[in-house]
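In listed order, ligands and their atoms are each counted from 1. As the structure is a prediction and not an experimental result, all values here were calculated from the model. Just so it is clear, the values below take in all heavy atoms, side chains as well, and ignore hydrogens, waters and symmetry mates.
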Amino acid sequence: MKELIDRLESEKILSREEFKTLFTCADEYLFERARFTAQKIYGKSIYMRGLIEFTNYCKNDCLYCGLRAGNNKADRYRLSKEQILDCCKTGHSLGFRTFVLQGGEDFYYTDDLLAEIVSEIRAGYPDCAITLSIGERGYDSYERLRKAGADRYLLRHETANDEHYASLHPAVMSPVNRKQCLYNLKELGYQIGCGFMVGSPNQTFDHLVDDLLFIKELKPHMVGIGPFIPHSDTPFRDKPSGDLNLTLNLLAILRLMQPNLLLPATTALGTLDPSGRELGVLAGANVVMPNLSPVNVRKKYLLYDNKICTGDEAAECVACMSMRIKNTGYEIVVARGDWIG
Ligand code: SAH
């Protein structure tokens, strides 16, 4: 194992079979090297992003997601521009310097409305980064929002393997278009984040290697990964959750493969295991994304069952997160936390 880990660290690539061997690695040395690599670039700083879940309406019908259009049990909501700006205000006073606007694919928010929201945040908080995570849109929309002041964009590719993609999404959704969106965003100068679920139904180790190779080629600034967790009102309700150790190993592998990555320890990881996010940081993650959404809508943004942090005020989430991170020997910093290249 040690030889493989050292070679991944020095050469940043392994063969398909070697990657697969590392997926089941149980050697603490993998995490040790991942932490060392992260600290060389980012020190012991953990960046905090304020997640504003501004709409749970979605036109898509992804088989895994609780927000899917076909889930008629979901209690739908949209935040107004004023409510979103209120979240930013609270967030800024709590030390957030990145706001992530995430939602289902909801075209109630036209390019005009989104551009207006983004420019107002940009004007009100010139020291903050604005991240969008609102799914697939055309090149012109992305360009417009970039010009309005958005800095970053999160769009998980979900799986790099086309057949696997087709088993997680309705036929109208195209993996080619999703990947093209990522290339478009990158060309427009966004810091981009792709990503995938670990243990999504039908996923094999070969699919995960495909994900790593896609990431190698795309060279994103961020990669969001977390375990798949079933949602009871989706077709995947009876599927098992993703594996904790596999997720942690993938975080460490990503860190060694692309040392400069912004790598979140995700809420899904914290939902799978009470110490999941701390373990994520100890496996090389350097970002956490506490929830900044108004408390009265939190329980409605349910991508999967048992999602954590749906009852707490933003201030409580920040305090809790700071404690957790401190306990790992790291520290949350007040900073935009841009990619260091
Ligand atoms: N509509 C936006 C945001 C989607 S929600 C977009 O298309 O990018 C953010 C991420 O949550 C998704 O990309 C997906 O990877 C993850 N997610 C959705 N359902 C999930 C589930 N059941 N378990 C774990 N993660 C899930």
Side-chain angles (χ1 to χ4, degrees), residues 49 51-71 74 76 78 100-109 114 131-137 141-142 145 150 152-160 164-165 168-170 172-175 177-182 184-185 190 192-203 207-208 211 220 222-244 246-247 250 264-273 276 280 289 291 293 300-308:
R49 323 292 197 199
L51 188 61
I52 304 171
E53 300 155 332
F54 71 97
T55 171
N56 70 352
Y57 281 84
C58 192
K59 73 169 178 58
N60 291 332
D61 226 359
C62 308
L63 277 73
Y64 44 85
C65 183
L67 307 190
R68 68 200 304 268
N71 178 11
R76 307 283 173 174
R78 292 184 172 113
V100 182
L101 270 56
Q102 189 181 83
E105 286 199 15
D106 179 4
F107 285 86
Y108 165 89
Y109 296 90
L114 283 170
T131 305
L132 298 176
S133 180
I134 52 175
E136 296 171 39
R137 294 200 172 222
S141 302
Y142 288 155
L145 297 171
R152 309 184 187 139
Y153 205 104
L154 305 178
L155 183 75
R156 290 189 176 180
H157 64 284
E158 310 299 357
T159 169
H164 185 219
Y165 191 94
L168 302 177
H169 301 94
V172 291
M173 290 181 71
S174 147
N177 188 60
R178 201 158 179 93
K179 288 178 185 159
Q180 187 57 50
C181 284
L182 282 161
N184 291 348
L185 289 159
Y190 284 92
I192 58 161
C194 66
F196 56 91
M197 290 175 286
V198 178
S200 57
N202 314 309
Q203 185 181 63
H207 295 150
L208 288 171
D211 289 319
M222 303 168 264
V223 176
I225 67 167
F228 161 76
I229 300 174
H231 186 292
S232 48
D233 300 314
T234 64
F236 289 161
R237 62 181 64 87
D238 296 323
K239 303 290 183 188
S241 293
D243 182 75
L244 174 69
L246 177 57
T247 309
L250 281 159
T266 55
T267 306
L269 193 53
T271 299
L272 188 69
D273 185 290
M289 301 173 72
N291 203 316
S293 311
K300 300 181 185 172
Y301 197 84
L302 289 185
L303 308 169
Y304 44 80
D305 290 338
N306 305 316
K307 189 173 165 224
I308 53 169

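Atom NZ of Lys239 is surrounded by 12 or fewer heavy atoms from other residues, nucleotides or ligands within 6.0 Å.
For atom 7 (O) of ligand 1, the choice among Gln102, Arg178, Glu158 with the nearest heavy atom turns out to be Arg178. Scanning Cys65, Gly103, Pro227 for the heavy atom closest to atom 3 (C) of ligand 1 points to Gly103.
Counting heavy atoms from C-beta outward, Tyr301 and Asn291 have side chains that stay 4.5 Å or more apart.
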Q.
Between Asp211 and His157, does the side-chain hydrogen bond (donor to acceptor under 3.5 Å, both in side chains) criterion hold? Intermediate values first, please.
A. CA-CA 9 Å; Asp211 289 319; His157 64 284; 3.0 Å; yes
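Closest non-hydrogen pair, Ser174 versus Glu136, comes out as O-OE1, 4.5 Å.
Side chains of Asn202 and His207: no donor on one and acceptor on the other come within 3.5 Å.
Cation-pi geometry between Arg78 and Tyr108 is satisfied (NZ or CZ under 6.0 Å from the ring centre, within 45° of the ring normal).
Remark: minimum distance from atom 19 (N) of ligand 1 to any protein heavy atom is reached at Tyr64 CD1, 3.4 Å. Distance from atom 21 (C) of ligand 1 to its nearest protein heavy atom, with residue and atom name: Ile229 O, 3.4 Å. The nearest protein atom to atom 11 (O) of ligand 1, hydrogens excluded, is given as Leu303 CD1, 3.5 Å; this is a heavy-atom distance. For atom 17 (N) of ligand 1, the closest non-hydrogen atom on the protein side is Met197 SD, 3.9 Å.
Listed by number with element, the atoms of ligand 1 under 4.0 angstrom from any heavy atom of Arg156 are 13 (O), 14 (C), 15 (O), 16 (C).
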